[in-house]
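In what follows, a single structure is set out as structure tokens and then discussed.
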Amino acid sequence: MKKNRIIALLAAVAAVTTVSASGEALATSGSALASDPSQTTATLVAKVADPQPGPFGTSLEGAAFDGKGTFYFVDTTAATGQPMLMTMDLATDQVSTLYKNAPGQNTMLNCIGFAPDGVMYLCDLRGRIATFNPATQQLKTVLDRVGGQPVVPDDLTIAPNGDMYIADYKGTPAAPAGRVLLRPATGKPSVAAGGLAHPNGIVLTGKLDGVWVDEDLAGRLDHIGPGFSSPASTTLENVVHTVAYLGLGASDFTDSLTIDGAGNIYMAVYGGSEVLEFDPNGVQIGRVVVPGDAPNVTHVAIQPGTQNAYVTASGKGGGYIYRFTALAAAPANTPNGG
């Protein structure tokens with residue numbers, strides 16, 4: 001009951017936004033953690049996509065498990081007629097295609113999420129949230145505008161009560177127009193927070209008292225949840241609190257976020273060949289190196305009921321799935337990643 005009340009509270013104040021830039025932790029990456037005993041190395045599972053043309057090449061994204069433990073991922077930049085939404089049998093590494101763009105379609109699927117009733121939702125960087133019907137292999141648009149503005153959904157997370165939070169991939173540090181959007185299980189979509197610089201990853205906290213969001217152009221990890229913006233405030237608001245300023249390389253960007261059953265946070269680093277690990281308070285405690293020529297690490301998904309964490313990563317040679325041991329198990333029979 002307590003968790004449901006906390007989720008409802010965040011939704012109830014979603015129209016109010018206050019930004020606090022009081023960072024409390026400096027996270028580092030690369031050689032700064034080279035001798036740290038918490039550093040581990042992921043293991044290659046399989047190559048699952050061939051190289052794609054274009055400036056971004058192959059871009060595997062959206063690693064996710066449904067509540068039954070089936071593993072899914074997408075190839076955002078897949079060419080027409082090539083597999084875009086896929087599933088992989090982890091026992092055999094067999095990959096099956098669920099969706100391809102037909103001629104004339106320009107869908108760019110970028111994330112996957114599962115509602116409590118098992119419905120699959122996908123982010124389309126072309127400007128919509130869509131559901132996927134496995135029987136017809138068709139996508140259906142369910143959201144493309146919020147607050148009178150078009151959306152650019154990069155990632156989403158869905159609460160146990162069905163409320164969906166979406167990272168609206170807009171803005172720069174100089175003009176922070178990015179938003180966190182709320183699509184409630186019932187009711188009208190709204191803006192939960194604004195003033196962000198290209199929000200990328202988003203995931204509910206372990207306590208369900210807010211969301212973690214990273215801003216890939218600002219290199220920050222934020223906690224967003226109900227609070228008071230100052231000692232003088234008497235009104236509960238959604239406060240954006242930056243908890244980590246990330247010391248990443250010039251070509252490295254924060255990407256999607258995942259949590260385990262203990263509330264630890266996993267941040268994929270695009271261009272950095274790594275996953276950063278944070279404790280439930282947002283303090284970095286570890287690093288996972290992704291070896292080989294696949295620096296564009298995008299998503300982590302932890303197999304429900306286990307500590308088996310799977311990673312989507314890409315490079316010049318194509319797209320790959322890696323595996324490492326998470327700090328704690330993901331809850332059983334519960335979707336993870338996306």
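Here Leu60 sits in one hydrophobic cluster together with Val45, Val48, Phe65, Phe71, Phe73, Met86, Met88, Leu90, Val95, Tyr310, Ile321; the rule is ILVMFWY side chains under 4.5 Å apart, joined directly or through other members.
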Please assess Asp222 against Thr242 for the test side-chain hydrogen bond (donor to acceptor under 3.5 Å, both in side chains), listing each intermediate value before the final yes or no.
CA-CA 4 Å; Asp222 304 320; Thr242 298; 2.8 Å; yes
Show the numbers, then the answer: is there a side chain to side chain contact (heavy atoms under 4.5 Å, CB included) between Leu85 and Leu122?
CA-CA 10 Å; Leu85 172 62; Leu122 299 114; 4.0 Å; yes
Pair Val275, Arg287 - check side chain to side chain contact (heavy atoms under 4.5 Å, CB included), show working.
CA-CA 6 Å; Val275 174; Arg287 172 176 179 252; over 6 Å; no
Chi angles and distances behind the side chain to side chain contact (heavy atoms under 4.5 Å, CB included) call for Val290, Val269
CA-CA 10 Å; Val290 177; Val269 181; over 6 Å; no
Steps toward side chain to side chain contact (heavy atoms under 4.5 Å, CB included) verdict (Val213, Val240)
CA-CA 9 Å; Val213 178; Val240 181; over 6 Å; no
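Within the 4.5 Å cutoff, side-chain heavy atoms of Phe324 are placed close to those of Val300. Side-chain contact between Val146 and Pro189 is present, with heavy atoms from C-beta onward closer than 4.5 Å. With contacts defined as side-chain heavy-atom distances shorter than 4.5 Å, the pair Leu246/Met267 qualifies. Counting only heavy atoms from C-beta outward, the side chains of Leu143 and Ile166 approach each other to under 4.5 Å. Side-chain contact check for Val311 versus Val297: some heavy-atom pair is nearer than 4.5 Å. Under the 4.5 Å side-chain criterion, counting only non-hydrogen atoms from C-beta, Met120 is in contact with Ile112. No side-chain heavy atom of Ile129 sits less than 4.5 Å from a side-chain heavy atom of Arg183. You'll find the side chain of Val288 reaches within 4.5 Å of the side chain of Glu277, heavy atoms only.
Of all heavy-atom pairs spanning His299 and Ala268, the tightest one is N-CB, 3.7 Å. For the pair Gly319 and Thr58, the tightest heavy-atom approach, listed with the atom from each and the gap, is N-CG2, 3.8 Å. Of all the heavy atoms in Ala301 and Ala63, the pair that sits closest is CB-O, 3.4 Å. Closest of all the heavy-atom pairs between Pro176 and Ala197 is CB-N, 4.2 Å. The two residues Pro160 and Pro116 have their closest heavy-atom pair at O-CG, 3.2 Å. Between Leu208 and Leu204 the shortest heavy-atom distance is CD2-CB, 4.0 Å.
To the nearest 0.5 Å, atoms CG (Leu276) and CD1 (Ile285) are separated by 11.0 Å. Note that CE of Met84 is 11.5 Å distant from OG1 of Thr97, once rounded to the nearest 0.5 Å. In this structure, the separation between CE on Met108 and SG on Cys123 is 12.5 Å, given to the nearest 0.5 Å. One finds the CD1 atom of Ile265 at 7.0 Å from the CZ atom of Phe278 (value rounded to the nearest 0.5 Å). Of the inter-residue distances, the one linking Leu217 atom CG with Leu196 atom CG reads 11.5 Å to the nearest 0.5 angstrom. Note that OG1 of Thr107 is 4.5 Å distant from CG of Asn101, once rounded to the nearest 0.5 Å.
A donor-acceptor pair under 3.5 Å links the side-chain atoms of Thr76 to the main chain of Leu109, judged by distance alone. Listed for the Thr87 side chain is no donor-acceptor partner under 3.5 Å among the backbone atoms of Ser96. Of the possible donor and acceptor atoms, none in the side chain of Gln303 sits under 3.5 Å from a partner among the backbone N and O of Asn308. Remark: the backbone N or O of Ala313 is not paired with any side-chain donor or acceptor of Asn296 at under 3.5 angstrom. Here the side chain of Asp214 pairs a donor or acceptor atom with the backbone of Gly201 at under 3.5 angstrom. In this structure a side-chain-to-backbone donor-acceptor pair under 3.5 Å is present from Asp260 to Asn264. Put simply, the side chain of Lys47 gets close to the backbone of Gly317: a donor and an acceptor are under 3.5 Å apart. No donor-acceptor pair under 3.5 Å is formed between the side chain of Asn281 and the backbone N or O of Val283. Thr92 contributes a side-chain N or O that, together with a main-chain N or O of Gln94, makes up a donor-acceptor pair within less than 3.5 Å. Using modelled atom types, one side-chain atom of Thr77 and one backbone atom of Ser59 make a donor-acceptor pair closer than 3.5 Å.
Linking ILVMFWY side-chain heavy atoms closer than 4.5 Å, directly or via other members, places Phe253 and Tyr266 in two distinct hydrophobic clusters.
Judged as a salt bridge (charged side-chain N to carboxylate O under 4.0 Å, His left out), and not counting sequence neighbours, the contacts of Arg179 are Asp168. A search for ring-ring contact (aromatic ring centres under 6.0 Å, His included) contacts involving Tyr169 returns His198, not counting sequence neighbours.
The side chain to side chain donor-acceptor pair (under 3.5 Å) analysis of residues 318-338, with sequence neighbours excluded, yields no pairs. Identified under the disulfide (SG to SG under 2.5 Å) test for residues 140-181, with sequence neighbours left out: none. For residues 140-155, the pairs satisfying side chain to side chain donor-acceptor pair (under 3.5 Å) are Asn110-Asp154, Arg128-Thr141, Asp155-Ser256, with sequence neighbours left out.
Paired with Tyr72 under the rule ring-ring contact (aromatic ring centres under 6.0 Å, His included), one option of Phe132, Phe114, Tyr121 passes, and it is Phe114. Tested against Asn200 for a side chain to side chain donor-acceptor pair (under 3.5 Å), the candidates Thr254, Asp216, Thr298 yield a single pass: Asp216.
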